[in-house]
Every structure is written in C-alpha cells, then in structure tokens.
There are 2 protein chains.
Amino acid sequence: MDGCGHDHAQMGMKPAAVRAALDAAEAACGLDGERMTAPRRRVLELLLAAGEPVKAYDLIAAYGRDGEAAKPPTVYRALEFLERRGLAHRIASLSAYVACSHDRAEHAAAFLICDCCGATAEVPAGAGAQLAGSAGDLGFVIQRATVEAHGLCARCRPDA
Amino acid sequence: MDGCGHDHAQMGMKPAAVRAALDAAEAACGLDGERMTAPRRRVLELLLAAGEPVKAYDLIAAYGRDGEAAKPPTVYRALEFLERRGLAHRIASLSAYVACSHDRAEHAAAFLICDCCGATAEVPAGAGAQLAGSAGDLGFVIQRATVEAHGLCARCRPDA
DNA sequence: GGTCGTGATGTTATCTCATAACACTCCCTC
DNA sequence: GAGGGAGTGTTATGAGATAACATCACGACC
Ligand SMILES: [Zn+2]
Ligand SMILES: [Zn+2]
Ligand SMILES: [Zn+2]
Ligand SMILES: [Zn+2]
C-alpha cells in the first residue's frame, strides 16, 4: 500500500454519479418501506466517493462537511443499515467498509483486494460453490460467507 | 451460540493428544531452525485444548496456569508466530484464533463456522478456485485468501 | 571461554475498532 | 392529539491490537 515505487490512481465516483447512486438507493429503500435518512445517506455518500474500502473511524472523521467528526454510533448504525440493505459491505480482513458495486443483483459477494494500492473488486462469487462440496459432506448448512482474496491488481503487478 | 435450545458438545483435544501435537510442532520447528519457545508452546496448547476459535483476550486471561493473565503482546506475538508457521489461523469474521487441523499439508484453508455452537471445520479449500476465474480475467494475482462460511453444523441444524 | 549480533521476551502505554445504555425526536397511525 | 416504533444524539466503556524500548537468551565466531 506504500513504498511500492509506483503511483496509485484514484478510484471514487464523480459527484454527479454519487448523487445518482444515492437517489437510486433512496428510491429503492422507499419501495421497501425503509428510510434513507441523513446519516445513512451521508455515510453511503462517503463510501461511494471513496470507491475503495474505508475505515470506520475515517468515515467518522470525514462525516461533517465542516470538518467536524461524527460520534461513532452514528456511523456504525448507518453502516449496519447499509450492510443490511446490501448497499455496503464490511471487509473483515481489513476492518473496513466499502460501497456495494453490484447493480442490485444476487448478493453473495467476494472481494479481490490489492494489498498495494488498496483497490478492491467485488466479484459475483458463487464462491460458496467450492465450499458447498465440503459443507454438504459434513451436513453443514452455509448461510453467508466471507470471501476476501488478497494480492496484487493488474496495475500493481511487478511484471505487467 | 446460545438460546438455541440444545446443548453443545465439547470439542478440544485430550491432554495426551495435545502434548503429542505440541511435541510434533516443536520438532517440525526445529527442522526449520525456528524455536518453539515457552509462550508459543503455551498459546498453541490453549488453542489445541479448546478445539474451536478462541478470542485473543481469552487466551491472555487463560495464559497463566496459576490464573494470572499474560500481557497482550506476549500472546499476540505467539499468535503471529503460529500463524506464520501454519500452526494456527486467524478467523477474521470472528476476530478469533484457532489451531490448525491440517496434518501439515498444502495451506490454503477455508473454514465452516457454526454460528450456533461455535464449532469450526477447516476444509482444504483450493484457494478460492472459484475466484481464480474472476481474478484472472481482471489480471489480479491472488496471494492469500480469507474464506469463512457461516451457518449451522450438522448437530445444530433444526431439521436433522 | 569471551564477545557479538540476532531474535525473543517483558513491560508500559497507547491506539484502533465497536457497542451498551439511555434520553429524546421524528413520523406514521389511529 | 395521543400512542408506538424506528431512528438519532450523547456519554461512556468494552474489546482487539500494536508501538516503543529495555532486557534477555542463544548460537556463531574468534
Ligand atoms: Zn455488493
Ligand atoms: Zn493495486
Ligand atoms: Zn490449517
Ligand atoms: Zn453447531
């Protein structure tokens, strides 16, 4: 993530795209009788603008547009909601959070995480598939899976 | 893990088996010029005896045979060593640690974690074979993967 | 046997991550 | 215009992990 001798491009959405995504998310919530309130919208906005995993306390610090930080529960509650709605995901191996990049499809996500530049790709992993075999043999019923592959993205690969 | 209406069997190794496993690990370390020192051995002993994921601070509390706790760095350094040697694994989705149950084979492990009784099975996941496809398309090189499936084990399944 | 460098440990302090608890407000419904 | 449920603000604290530095054990080398 540093000291790797090359520069890392930015990744986040442009403001117009962020607004569009926020409005779409808000509309989708409305249909389900859920409320996209101000803190939820703000946290999602920060995640979308970042375009890569963000630590909870970085969200807390960036929350106020005037540079004022939020209180931790404000952000953690928003994250809980966003995760429940499938609008954001927690990356357990990083203790960080990222906006969902699926366009509202089936939600068994896996992540490719570049340890050099921090970029992540959310791939539609039926990656439970590999596990399903072992799980079935043991009589284990999978309910959700954390699948996070670390490595180097195409731009950070030494060879290229 | 509680309030589920049924009892959960114990899982850990018996003391004799623990000692055997410790001695084997110590011998293997010796061959590689690494030292299985007292704190490392003690932490591995606790993990083996538990037979399921253990929180770091539970290890810290249980460290002293006289009931005295260890200092956090003592245990965290031992865990780092054990993980490096493949003798233990961190379960990111639980922030917990578990002794390896492979018999010294290839090490791309995946875990099936019962959310009811806490039991885990370490299965020889082919390093996210499912992911390899997506990763290759993107030019992504996977170096290590966190694969943790949560659900219900055979004994905790409601139907059975 | 002495000394030197490396790796491991002991110890203190601190940092990061996350949640409990409770009062209050908003919004919808009846 | 009450009542109830979801959401928020706020304070405080719990849980997970590491930085920094002094000291100690061990093997290599002379
Ligand atoms: Zn997603
Ligand atoms: Zn990269
Ligand atoms: Zn293993
Ligand atoms: Zn179970």
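Below, read A as the first sequence line, B as the second, and so on, with proteins coming before strands; counting in each chain starts at 1.
Salt bridge B:Glu83/B:Arg90: absent, no basic N to carboxylate O contact under 4.0 Å.
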* To do: For salt bridge (charged side-chain N to carboxylate O under 4.0 Å, His left out), just list the numbers for A:Glu80 and A:Arg77, CA-CA rounded to whole Å, side-chain angles, deciding distance to a tenth of an Å, and then say yes or no.
  => CA-CA 5 Å; A:Glu80 182 188 23; A:Arg77 288 198 280 231; over 6 Å; no
* To do: Carefully, step by step, assess B:Asp32 and B:Arg85 under the rule side-chain contact (heavy atoms from CB on, under 4.5 Å).
  => CA-CA 10 Å; B:Asp32 294 357; B:Arg85 292 282 310 171; 2.7 Å; yes
* To do: Evaluate the salt bridge (charged side-chain N to carboxylate O under 4.0 Å, His left out) criterion for residues A:Glu34 and A:Arg40: first the C-alpha distance (whole Å), next the side-chain angles of each, then the deciding distance (0.1 Å), finally the verdict.
  => CA-CA 11 Å; A:Glu34 297 230 62; A:Arg40 293 169 177 178; 5.2 Å; no
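Contacts between residues 67-74 of chain B and DNA chain D, counted as heavy-atom distances below 4.0 Å, involve B:Pro72, B:Pro73.
Of the candidates C:dA8, C:dA18, D:dA17, the closest approach to any side-chain atom of B:Tyr97 belongs to D:dA17. Residue B:Thr37 places its side chain closer to C:dA8 than to any other of C:dC17, C:dA8, D:dA20. Nearest nucleotide to the side chain of A:Lys55, out of D:dG16, C:dC17, C:dA8: C:dC17.
Rounded to whole angstrom, the span from the CG atom of B:Leu79 across to the P atom of C:dT9 amounts to 12 Å. The interatomic distance linking A:Arg42 (CZ) with D:dG9 (P) rounds to 14 Å, in whole Å. When the C1' atom of C:dG7 is taken as reference, atom CD of B:Glu80 falls 12 Å away, rounded to whole Å. The interatomic distance linking A:Tyr57 (OH) with C:dC15 (P) rounds to 13 Å, in whole Å. Note: CD (B:Glu83) to P (D:dT18) measures 10 Å, nearest angstrom. In this entry the distance linking CZ of A:Arg35 with C1' of C:dT25 reads 10 Å, nearest Å. Counting to the nearest Å, the P atom of D:dT18 and the CD1 atom of B:Ile60 are 11 Å from each other. Taking atom CD on B:Glu34 and atom P on C:dT6, their separation rounds to 17 Å, with Å as the unit.
Here B:Tyr63 contributes atom OH and B:Tyr57 contributes atom OH; the two are 15.0 Å apart, rounded to the nearest 0.5 Å. Distance check, rounded to the nearest 0.5 Å: CG of A:Leu79 to CG of A:Leu87 gives 11.5 Å.
If you check every strand for non-hydrogen atoms under 4.0 Å, B:Arg40 touches sugar and phosphate atoms only.
Note on B:Arg90: every side-chain N or O is 4.0 Å or more away from OP1 and OP2 of D:dG16. Residue B:Tyr76 has a polar side-chain atom (N or O) positioned under 4.0 Å from OP1 or OP2 of D:dA17.
Nearest-nucleotide assignment on DNA chain D puts the 5′-proximal partner with B:Ala96, out of B:Ala96 and B:Arg77.
Nearest heavy atom pair, residue A:Cys100 against residue A:Gly86, reads CB-O, 3.3 Å.
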